[in-house]
S.K.: 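Have a look at the structure that comes next, please.
Indexing begins at 1, ligand by ligand and atom by atom, following the structure's order. Quantities reported herein were computed from a predicted structural model and do not represent experimental measurements. Values below: every heavy atom of this structure, side chains too, minus hydrogens, waters and symmetry copies.
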Amino acid sequence: MGICDSTMELSGTLLAMVFFFFSDAASTIQYLAYFSETGDLPCHFIKPQNTSLDELVVFWQDQHNRVLYELYKGKEKPENVNLMYKGRTSLDQDNWTLRLHDVQIKDRGLYQCYVHRQGPNGLVSIHNKKTNLFVLANFSQPEISLVSNRTENSDNINLTCLSTKGYPEPKKMFIVLNTENSTTEYNAVMNIFQDNVTELYNVSVSLSLPVSPEANVSIFCDLEPKLTQTRLRSQPYNIDAKSRNTRQLFTDHGILITTLPVLLSIVCVMVFSLIVKKRKKKQPGPSHECEVIETEGEEN
Ligand SMILES: *[C@@H]1O[C@H](CO)[C@@H](O)[C@H](O)[C@H]1NC(C)=O
Ligand SMILES: *[C@@H]1O[C@H](CO)[C@@H](O)[C@H](O)[C@H]1NC(C)=O
Ligand SMILES: *[C@@H]1O[C@H](CO)[C@@H](O)[C@H](O)[C@H]1NC(C)=O
Ligand SMILES: *[C@@H]1O[C@H](CO)[C@@H](O)[C@H](O)[C@H]1NC(C)=O
Ligand SMILES: *[C@@H]1O[C@H](CO)[C@@H](O)[C@H](O)[C@H]1NC(C)=O
Ligand SMILES: *[C@@H]1O[C@H](CO)[C@@H](O)[C@H](O)[C@H]1NC(C)=O
Ligand SMILES: *[C@@H]1O[C@H](CO)[C@@H](O)[C@H](O)[C@H]1NC(C)=O
Ligand SMILES: *[C@@H]1O[C@H](CO)[C@@H](O)[C@H](O)[C@H]1NC(C)=O
């Protein structure tokens, strides 16, 4: 029974995960493999004790009837194996599981294992098993990059978040903005790019976010994949309240324009006082600012 088989797989394997699809035939096992790693295609065959390997023909086929592997009366038959599976399989004879190496996205789909026995009137089918192989690729940790800073006219920053080389398409990607007192989620339409060769996806979002100049903020980018449970979160992108104010002093023309005349007049007064003092020659050597101001007062 499919359900019993599935439960056995669940406890027996680490990398493989099992899914129940009740609409499928009960005998189909759902198996999961990671991109570029190894996938298991179990046959669940137990060889009867009164039967020798020399009487058996065992082989695996994909959904297009291409042969992955064949064991013909105890001997491997590589000449029957389809080119796309040559050198990519190995049989675990203890539990009749075929291992498919370097799994690609296009390897997802239905596989079937067949066992035939040589009888007096030719080969007789004695066992077969279907396996549905899912292929997953973990997305990379999302990365935030700044597109444009806040300006004098706008407290918005524009940013992009990117995660690469995953499969299948993720559920969603969104931005989380944390301040001391608040957490705000920003959803955006995901841009999805698929590589023609590997069929892996890159996803990104681009957003314009209001960032209050008074608060320290931490921005995160979260990706929710479809089949793996774990949500992926970017490193925090921090914007400090203080550094924003310092930056504004130098970039805000309004402040520069109002402070420039003040600075200029202070310099003028100092230079003027020095000249006056030198003429009077009351004190030899350099003097400091307060004495300069005193001298000026006496003059007036
Ligand atoms: C078959 O046995 C190997 C170890 O001998 C194990 O790694 C693998 O998970 C087993 N497969 C199944 C389907 O039980
Ligand atoms: C092996 O034993 C089973 C019953 O356990 C029987 O049905 C089958 O025909 C036997 N096979 C051979 C090759 O004797
Ligand atoms: C944004 O401002 C910071 C701090 O002034 C600066 O280091 C960074 O290069 C700026 N980035 C962009 C994209 O303008
Ligand atoms: C996906 O991202 C990777 C790594 O940044 C890059 O090499 C590749 O070209 C991108 N593919 C697509 C289809 O955008
Ligand atoms: C930031 O994004 C908004 C909305 O997409 C856009 O209108 C604005 O021009 C962008 N600002 C900069 C400086 O690129
Ligand atoms: C921002 O963080 C700094 C320390 O990183 C802290 O000294 C400052 O008080 C914080 N400012 C606000 C507005 O929370
Ligand atoms: C957060 O809340 C506290 C208490 O209500 C307040 O004093 C503080 O200014 C708030 N901080 C920000 C960044 O809004
Ligand atoms: C993919 O991620 C899952 C959970 O997040 C983890 O268990 C698994 O080992 C990862 N696989 C690979 C190949 O990195």
S.K.: Is the ring pair W60/Y69 parallel, tilted or perpendicular, if the boundaries are 30 and 60 degrees?
M.R.: perpendicular
S.K.: Where does ligand 4 get N/O contacts under 3.5 Å from the protein, atom by atom?
M.R.:
{"unit_1": "ligand 4", "atom_1": "2 (O)", "unit_2": "N202", "atom_2": "OD1", "d": "3.4"}
{"unit_1": "ligand 4", "atom_1": "2 (O)", "unit_2": "N202", "atom_2": "ND2", "d": "2.3"}
{"unit_1": "ligand 4", "atom_1": "11 (N)", "unit_2": "N202", "atom_2": "ND2", "d": "2.8"}
{"unit_1": "ligand 4", "atom_1": "14 (O)", "unit_2": "N202", "atom_2": "ND2", "d": "3.1"}

S.K.: Would you mind running through ligand 6 and noting each atom that sits below 4.0 Å from a heavy atom of D240?
M.R.: 1 (C), 2 (O)
S.K.: Indicate yes or no: does D102 engage R88 in a salt bridge with an N to O separation below 4.0 Å.
M.R.: no
S.K.: Can you tell me which residue among T183, T179, N238 is in a side-chain hydrogen bond (donor to acceptor under 3.5 Å, both in side chains) with S218?
M.R.: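 Between S218 and the candidates, side-chain hydrogen bond (donor to acceptor under 3.5 Å, both in side chains) is satisfied uniquely by N238.
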S.K.: Could you report the tightest heavy-atom contact between T38 and A33, atom names first, then the distance?
M.R.: O-CB, 4.2 Å
S.K.: Which heavy atom of A188 sits nearest to which heavy atom of S206, and what is that distance?
M.R.: CB-O, 4.3 Å
S.K.: Would E214 count as being in polar contact with ligand 6, using the rule that some N or O on each side must be under 3.5 angstrom apart?
M.R.: no
S.K.: Evaluate side chain to side chain contact (heavy atoms under 4.5 Å, CB included) for Y31 paired with N132, printing each intermediate quantity in order.
M.R.: CA-CA 6 Å; Y31 247 86; N132 200 5; over 6 Å; no
S.K.: Can you check whether E37 has an N/O within less than 3.5 Å of an N/O in ligand 8?
M.R.: no
S.K.: Other than Y114, what residues sit in its cluster of Ile, Leu, Val, Met, Phe, Trp and Tyr side chains whose heavy atoms are under 4.5 Å apart, directly or through others?
M.R.: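 V57, F59, Y72, L123, all in the cluster of Y114.
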S.K.: Taking only heavy atoms of N138 into account, list the atoms of ligand 8 that are under 4.0 Å away from them.
M.R.: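 So the answer, numbered in order with elements, is 1 (C), 2 (O), 3 (C), 8 (C), 10 (C), 11 (N), 12 (C), 14 (O).
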S.K.: Whether D222 and R231 form a salt bridge (side-chain N of Lys/Arg under 4.0 Å from carboxylate O of Asp/Glu) is what I want to check.
M.R.: yes
